[in-house]
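What follows is a single structure, written as structure tokens, with notes after it.
Quick caveat, the model's predicted, so the values are computed rather than measured.
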Amino acid sequence: MQTNIPYIVFCCIFILLAPSFITAQELDTISGIRIEAERDTLVSVGEGIPLAETIKLQDSILADTILQPQGNGLLSDRVDYKAKDYIRLSQKENRMFLYNDAQVTYGDIVLNAGLIIIDNNKNEVYAFGIPDSLGEYTQKPIFQQAQKTVEPDSIRFNFDTERALIYNSRTQEANFNVRGEVTKRENDSVYFMQNVRFTTSENVDNPDYYFYARRIKFVPDKKIVSGLVNMYIADVPTPLGLPFGYFPMTEEETSGFIIPSFGDSNNRGYYLQNGGYYFAISDYVDLLAIGDYYTNGSYALNLESNYNQRYKFRGNVSFRYERLLESERGFPDFAEGSNYNLRWSHSQDSKASPSSRFSASVNLGSSDYYRESVNQQNTGNFLNNTLNSSVSYSKTFEGEPQVNLSLAARHSQNTNTGIVNLTLPTLTASMSRIYPFEPQVGAKKGIIENINFQYNLRAENRIATYDSIFFTPQMFDEAVYGAQHSIPVSTNFKLFNYLSVSTGASFEENWVFETYERSYDEETNSVVRDTIKGFDSFRTYNFNASLGTTLYGLKSFGKDKKIQAIRHVMRPSISYSNNPAFDQYYDQFEQINPADPSQINLVDYSRFDGTLYGAPGRNFSSSLGLSLSNTLEAKVRDKDSTATEPKKVTLLNNFSMSTSYNLAGDSLQLSPISLRGGIPVIENKLTINLAAQMDIYALDNNNRRIDRLNINNGGSLFRFTNANVSFGYAFSSKDFSKDTKNKDESENETYRNGGRPDDLFGKGTDLDGDFYEDGEDPFDDGEEEEVNSEWYKYKIPWDLRVNYTMTYSNNARQNEITSHSLMFSGNLELSPKWAIGASSGFDVKEGGFTYTQLRFARDLESWRINFSWVPFSQRKSWNFFIGIKSSILSDIKYEKRRDRDRSL
């Protein structure tokens with residue numbers, strides 16, 4: 001939930017600053033107070049002794065007014081005190097002196113200092129620091145009231161009026177560190193300050209920049225009134241400032257104007273971006289309305305809203321529309337176009353309703369939005385060519401059996417082709433498995449007791465359209481809808497104690513509400529398809545069974561060996577499936593043979609072709625599936641001498657081979673053999689993934705499979721048809737150090753919109769020039785420790801991520817590598833303040849670099865400099881940014897960019 005959005009450039013500068021101008025008569029000094037020791041009375045130090053209790057020890061001052069507050073203007077609460085070295089009462093001056101780690105408590109006010117003087121005549125207290133053995137001014141006063149803390153050089157405070165004079169105060173208000181020369185506290189509601197410096201720098205005494213205000217009046221949670229204020233950089237005044245200001249304040253959400261950023265574009269002229277208004281509607285929901293305007297007439301509108309109700313739900317929704325003009329009207333290169341994007345994310349708290357759940361993840365819009373948008377730089381989004389959305393509601397009805405119901409709407413969009421696929425909606429219902437023969441007590445055993453069945457329902461309305469007619473009536477013209485009921489029945493059992501057997505059958509019934517009759521029109525010499533409205537259905541069934549087991553092989557070499565043992569695990573399995581032919585759902589029509597008009601051909605068709613679930617299979621199939629998976633592991637003596645068990649290392653991970661044999665076929669009965677597996681190179685870091693297909697059949701002159709073995713056709717036993725090898729590896733300097741802490745990778749904006757979760761496609765750049773998403777600081781390693789510049793001389797922090805893939809294809813004797821690429825991304829800290837990074841790749845097949853981004857960042861304590869550069873490609877561009885780190889001063893910045901070229 002956003003709060004206190006600034007509505008003028010420097011509004012946030014003054015949040016929660018204390019006080020302003022004080023007249024010369026009000027600036028009393030306490031530097032001349034003398035501490036006289038003559039005839040003073042020393043009192044033993046006590047921790048937390050009430051002031052009244054201590055003063056009772058001295059008969060001569062029993063009647064002091066600080067003991068029994070009476071009438072208006074006197075003390076309304078008890079004053080407690082303590083000190084480390086001594087407490088001294090001066091009868092002559094009627095004062096009390098507390099020295100070294102002194103503390104006075106009065107109500108919610110706590111005052112700590114090296115020296116505190118309590119004046120009983122004036123009901124005032126004075127606080128100072130004290131010099132240490134080296135003459136340094138230490139134990140400066142610390143004034144605390146409720147959540148407010150002030151650290152000045154000295155304080156004068158009156159118990160009666162609760163007014164205070166504070167000299168050289170240092171305090172923190174919101175994100176600012178504030179130092180005021182003189183502060184006057186009128187009461188809890190009004191403060192005045194004179195000669196105030198405030199900054200977001202951690203060094204308040206010697207900041208790299210600050211804002212200097214001559215006079216300030218501060219009313220907490222209400223308003224700030226200031227005089228002339230201007231900005232200083234390295235103690236040099238700048239013309240950046242305001243003559244006066246009035247700023248309303250509140251701790252709650254506040255509506256206000258959003259100041260736009262400005263700049264110029266090569267194609268659209270000067271612009272104002274992200275200006276508008278923030279609506280703090282309630283504690284649960286807000287609304288941000290902003291827009292862009294270019295001097296050539298281009299504009300954009302953006303609406304964003306966040307909502308959150310604790311323990312129930314939370315989410316956000318945004319909509320952006322852009323009207324883009326290229327060049328100027330009347331010029332030959334003038335062009336215009338528009339794009340839009342809608343995003344919605346909703347999540348429900350698991351505690352809100354355990355039996356039901358609603359969620360949404362929507363990202364839809366124009367196919368060219370991420371390529372042409374003028375106000376987003378997320379490179380991973382424009383490289384991604386699909387947009388996906390899902391909105392779903394699910395409900396569970398407890399009982400026996402349990403029923404699950406789900407209603408969902410889904411969207412998939414290819415931004416290259418513009419094809420949009422929708423399901424509006426999809427209804428699914430399922431009933432939990434029922435075991436009709438299970439025993440009343442004990443586990444289920446045998447083929448009968450394990451028999452089970454369930455019921456599933458799936459109803460859909462599918463729409464295939466183009467984004468050019470999205471949200472128009474035409475998109476519903478080709479909608480197809482229907483429902484599918486299925487009842488699977490299965491059982492499993494052990495055979496000979498070593499073989500696992502499972503078998504089952506499935507019955508399906510499909511409902512449709514449109515079918516398609518086909519006929520031949522002799523006049524037009526074409527096939528005519530007639531749509532028949534009305535309910536129709538067809539039913540199918542199939543049978544399947546599988547048999548599998550696990551075999552173990554172990555070879556021991558002895559516990560004194562480095563490799564103590566190797567274990568081979570094999571999991572062979574055989575499966576059988578039977579799918580009958582459903583000829584009863586097929587018809588025929590006569591068609592003239594185009595090659596010989598004197599001949600009439602009979603064409604088979606099904607009226608269910610083109611319906612939601614398609615036509616039932618006409619060809620009988622009976623196939624036998626064979627698969628074998630292998631895992632190879634080794635036990636290796638651990639390098640750690642204190643380890644009691646050997647270390648297990650995987651040599652081959654789930655290397656599998658699979659094929660199928662068509663029992664009902666006359667030829668080409670054996671399908672290509674699929675190989676898949678992984679070779680672990682570095683444990684939990686690098687695994688080489690392999691996949692390939694081999695075929696035993698040969699090809700004819702037209703590169704079609706024939707019923708002849710490849711070895712009998714002059715070739716090898718197996719013919720490789722395709723293969724793929726890929727791996728991904730990420731490592732950093734931390735992997736080579738003793739500290740192996742790894743930070744979890746936070747979800748970023750690019751990943752939420754369908755891009756990659758890493759930065760192989762580059763990092764997104766927002767309008768503030770920050771290409772570190774989700775608040776990531778390039779100089780923050782997640783460790784609370786002081787940076788040692790000497791450490792960088794021999795150990796420079798770095799990280800590198802590499803992805804490699806190669807695909808080989810030989811389906812039709814092409815014998816070529818169809819894709820071969822290497823992608824990489826890395827970051828390097830040259831010094832504690834300098835960081836550089838790069839994301840790129842190399843297409844080995846085409847011989848060129850892929851999308852490349854170079855990044856540079858400089859930490860300037862309170863400021864930051866970012867520079868990102870895309871040196872080539874159609875998105876060639878660069879962006880330079882310098883600004884204050886603090887988000888509250890995000891409007892104080894300088895940015896210059898060269899926008900990428902766009903073609904509408």
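- Between Gln413 and Asp467, some side-chain heavy-atom pair lies under the 4.5 Å cut-off.
- Considering NE2 of His820 and OH of Tyr804, their distance stands at 2.5 Å, rounded to 0.5 Å.
- In this structure the side chain of Leu717 never reaches within 4.5 angstrom of the side chain of Ile696, judged on heavy atoms.
- Here Asp859 does not pair with Arg864 in a salt bridge; the nearest charged N to carboxylate O distance is not below 4.0 Å.
- For Arg268 and Asp292, the salt-bridge test fails: no basic side-chain N is under 4.0 Å from an acidic carboxylate O.
- For Leu651, the side chain to side chain contact (heavy atoms under 4.5 Å, CB included) partners at least two apart in sequence or on another chain are Leu632, Ala634, Val649.
- Rounding to the nearest 0.5 Å gives a distance of 13.5 Å between OG1 of Thr415 and OH of Tyr369.
- Paired with Ile836 under the rule side-chain contact (heavy atoms from CB on, under 4.5 Å), one option of Leu854, Leu830, Asn827 passes, and it is Leu830.
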For residues 686-694, run the donor-acceptor check on the side chains, cut-off 3.5 Å, and write out each pair with its distance to 0.1 Å, sequence neighbours left out.
{"from": "Gln693", "atom 1": "OE1", "to": "Asn722", "atom 2": "ND2", "distance (Å)": "3.4"}
{"from": "Gln693", "atom 1": "NE2", "to": "Ser674", "atom 2": "OG", "distance (Å)": "3.4"}

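- Although no hydrogens or angles enter the test, the distance criterion places no donor-acceptor pair under 3.5 Å between the side chain of Lys562 and the main chain of Arg637.
- Looking only at atom types and distance, the side chain of Thr659 has a donor-acceptor partner in the side chain of Ser671 under 3.5 Å away.
- Using the six-membered ring where Trp is involved, Phe731 and Trp798 have ring planes that are perpendicular, over 60° apart on the 30 and 60° scheme.
- Side chains of Met806 and Tyr808 form no contact here, defined as non-hydrogen atoms less than 4.5 Å apart.
- Note that OG of Ser298 is 9.5 Å distant from CD of Glu336, once rounded to the nearest 0.5 Å.
- Looking only at side-chain heavy atoms (C-beta outward), Glu829 and Ser733 stay at 4.5 Å or farther from each other.
- Contact check for Val870 versus Thr852: no side-chain heavy atoms found under the 4.5 Å cut-off.
- Remark: Trp869 CH2 is loosely packed, at most 12 non-hydrogen atoms of other residues, nucleotides or ligands lying under 6.0 Å away.
- Other residues, nucleotides and ligands contribute at most 12 non-hydrogen atoms within 6.0 Å of the CD1 atom of Ile563.
- No donor-acceptor pair under 3.5 Å is formed between the side chain of Glu816 and the backbone N or O of Gln814.
- The shortest side-chain heavy-atom distance between Tyr340 and Phe470 falls under the 4.5 Å cut-off.
- Within the 3.5 Å criterion, the main-chain N or O of Trp834 finds a donor-acceptor partner in the side chain of Ser831.
- The existence of a salt bridge linking Glu861 and Lys833 is confirmed by a sub-4.0 Å separation between a basic side-chain nitrogen and an acidic carboxylate oxygen.
- A donor-acceptor pair is defined here as one N or O able to donate and one able to accept, closer than 3.5 Å; no such pair exists between the side chain of Ser366 and the backbone of Asp368.
- More than 12 heavy atoms of other residues, nucleotides or ligands shown are found within 6.0 angstrom of CZ on Arg705.
- In this structure the side chain of Phe849 never reaches within 4.5 angstrom of the side chain of Asp843, judged on heavy atoms.
- Residues Tyr299 and Tyr321 meet the side-chain proximity criterion, which asks for heavy atoms closer than 4.5 Å.
- No more than 12 heavy atoms of other residues, nucleotides or ligands shown are found within 6.0 angstrom of CZ on Arg676.
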